[in-house]
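Data block below; observations after.
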Amino acid sequence: MTTGTGKPARASGQAGRVRAMAAGDAVLADALHVWRHPKAMGSAGRCIGHTDLPVDRRKAKRVARRIQAFARRQGLARRVWTSDLQRSRAVGRWLARWGWRHTVLRDLRESDFGGWDGQLWADIPVAEIDAWARDLTHTRPGGGESVAMLLQRVTRIRQALPPQALVVSHGGWMSAARWLDGQGEPGAASEAPAASAGPQAAHWPPAPRHGQRWSLRGDGEV
């Protein structure tokens with residue numbers, strides 16, 4: 001299991017739905033539009049959560065242009081919310097240069113992996129990773145943030161953001177939002193455990209590609 005990734009699934013019993021619509025622009029009135037940040041420099045093979053790595057400015061500008069174009073097509077306000085980590089914040093800074101309002105929110109950060117953060121995955125004891133996978137909901141990897149804590153944080157910030165907000169966040173954050181909305185792999189509903197049981201490693205939604213947009217809806221609660 002790697003940062004923000006896992007086997008996809010659909011959790012049953014929740015009204016919300018996630019729409020990963022990178023190719024299309026149809027949106028819902030109450031949607032939250034979230035882009036994953038560009039790939040950070042020096043992240044290959046490493047467990048990256050709160051570790052604050054830089055991003056190529058050209059890649060940040062490219063994602064900012066996508067957001068700008070999307071907002072123009074949809075007639076949305078020129079305002080963006082990002083996390084305070086460089087790989088997310090850099091996109092907002094480009095938009096701010098073009099006259100946008102840029103708001104930085106710590107709650108949009110990637111999951112905190114504690115003592116694992118910044119390490120090579122190969123250097124993290126396999127037994128510790130296995131223990132995390134067995135109890136994904138409550139285990140705090142490296143003494144950091146459990147998935148239950150991440151879900152609470154995602155719920156809190158989603159309730160605070162306005163409809164049609166434009167956001168730049170992180171893979172794990174987006175996977176958590178997708179799990180809360182009850183959407184995973186199409187057709188997997190009958191195989192996934194009930195949402196009330198908490199997420200399991202085998203049914204944790206995979207992260208989007210870097211720079212990809214998901215339009216999310218729903219008011220999933222932990």
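Start at 1 with the first residue, then count along the sequence.
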What is the distance from atom CD of Glu145 to atom OG1 of Thr139, rounded to the nearest 0.5 Å? 13.5 Å
Counting neighbours of CZ on Arg65 that are heavy atoms of other residues, nucleotides or ligands and sit closer than 6.0 Å, is the number greater than 12? yes
Could you list the residues that satisfy salt bridge (charged side-chain N to carboxylate O under 4.0 Å, His left out) with Arg109, not counting sequence neighbours? Asp84
Does any part of the side chain of Cys47, heavy atoms only, come nearer than 4.5 Å to the side chain of Ile124, both counted from C-beta? yes
For residues Phe113 and Gly49, report the shortest heavy-atom separation together with the two atoms involved. CD1-CA, 3.8 Å
Distance from Gln68 atom CD to Arg78 atom CZ, nearest 0.5 Å? 7.0 Å
Let me check something: do Leu216 and Leu151 share a hydrophobic cluster, defined by ILVMFWY side-chain heavy atoms less than 4.5 Å apart, either directly or through other members? yes
Under 4.5 Å between any side-chain heavy atoms of Trp179 and Val154, yes or no? no
Sequence neighbours excluded, the answer for ring pair (Phe, Tyr, Trp, His ring centres under 6.0 Å) partners of Trp173 is none
side-chain contact (heavy atoms from CB on, under 4.5 Å) involving Arg58 - partner list, sequence neighbours excluded: Asp56
Per the ring-ring contact (aromatic ring centres under 6.0 Å, His included) rule, what does the pair list look like for residues 81-112, sequence neighbours excluded? Trp94-Trp98
Where is the tightest heavy-atom contact between Arg36 and Pro208, given as atom of each residue plus distance? NH1-O, 2.7 Å
Do any N or O atoms from the side chain of Thr137 and from the backbone of Pro199 form a donor-acceptor pair under 3.5 angstrom? yes
Please give me the minimum heavy-atom distance between Ser169 and Val34, naming the atom from each residue. CB-CG1, 3.9 Å
What distance separates Ser111 OG from Arg153 CZ, expressed to the nearest 0.5 Å? 6.5 Å
Closest contact, heavy atoms only, Ala201 versus Ala133: CB-O, 3.6 Å
Report the residues that fulfil side chain to side chain donor-acceptor pair (under 3.5 Å) with Glu128, sequence neighbours left out, ordered by chain and then residue number. Trp116
I'd like to check the ring pair (Phe, Tyr, Trp, His ring centres under 6.0 Å) partners of His210; sequence neighbours left out, ordered by chain and number. His37
Would you please name every residue forming a salt bridge (charged side-chain N to carboxylate O under 4.0 Å, His left out) with Arg140, sequence neighbours left out? none
Let me confirm one number: the CE-NZ distance from Met41 to Lys59, rounded to the nearest 0.5 Å. 8.5 Å
Arg134 side chain reached by Asp130 side chain, heavy atoms, under 4.5 Å: yes
Could you go step by step and tell me if His33 and Gln164 meet the side-chain contact (heavy atoms from CB on, under 4.5 Å) rule? CA-CA 6 Å; His33 309 293; Gln164 301 288 0; 2.6 Å; yes
Treating Ile, Leu, Val, Met, Phe, Trp and Tyr as nodes and any side-chain heavy-atom pair under 4.5 angstrom as an edge, say whether Val104 and Ile157 lie in one connected cluster. no
Which atom of Val55 lies closest to which atom of Pro38, heavy atoms considered: CG2-CB, 3.5 Å
hydrophobic_cluster_shared for Leu108 and Met174, side chain cutoff 4.5 Å: yes
Under the salt bridge (charged side-chain N to carboxylate O under 4.0 Å, His left out) test, which residues partner Arg156, sequence neighbours left out? Asp107
Listed partners of Thr51 passing side-chain contact (heavy atoms from CB on, under 4.5 Å), at least two apart: Arg46, Ile48, Leu53, Asp117
Could you check if a side-chain atom of Gln74 sits within less than 4.5 angstrom of a side-chain atom of Leu166, using non-hydrogen atoms only? no
Heavy-atom closest pair, residues Leu120 and Ala44: CD2-O, 4.4 Å
Partner residues of Ser146 under the side chain to side chain donor-acceptor pair (under 3.5 Å) criterion, sequence neighbours left out: none
How would you list all residue pairs meeting ring-ring contact (aromatic ring centres under 6.0 Å, His included) that involve residues 45-64, not counting sequence neighbours? none
I would like to know whether Val80 and Val91 meet side-chain contact (heavy atoms from CB on, under 4.5 Å); could you show each step before the answer? CA-CA 9 Å; Val80 66; Val91 178; 5.9 Å; no
Can you tell me if CZ on Arg97 sees more than 12 non-hydrogen neighbours from other groups inside 6.0 Å? yes
Taking 4.0 angstrom as the limit, do Asp181 and Arg158 come out as a salt bridge? yes
Okay, side chain of Arg178, backbone of Pro205: is any donor-acceptor separation there less than 3.5 Å? no
Does any part of the side chain of Leu161, heavy atoms only, come nearer than 4.5 Å to the side chain of Leu105, both counted from C-beta? yes
Could you go through the side-chain contact (heavy atoms from CB on, under 4.5 Å) check for Ser83 and Glu110 one step at a time? CA-CA 8 Å; Ser83 83; Glu110 180 59 276; over 6 Å; no
Using ring pair (Phe, Tyr, Trp, His ring centres under 6.0 Å) as the criterion, list what pairs up with Trp35, not counting sequence neighbours. Phe70
Using a 3.5 Å distance criterion without hydrogens, assess whether the side chain of Arg66 forms a donor-acceptor pair with backbone atoms of Gly211. yes
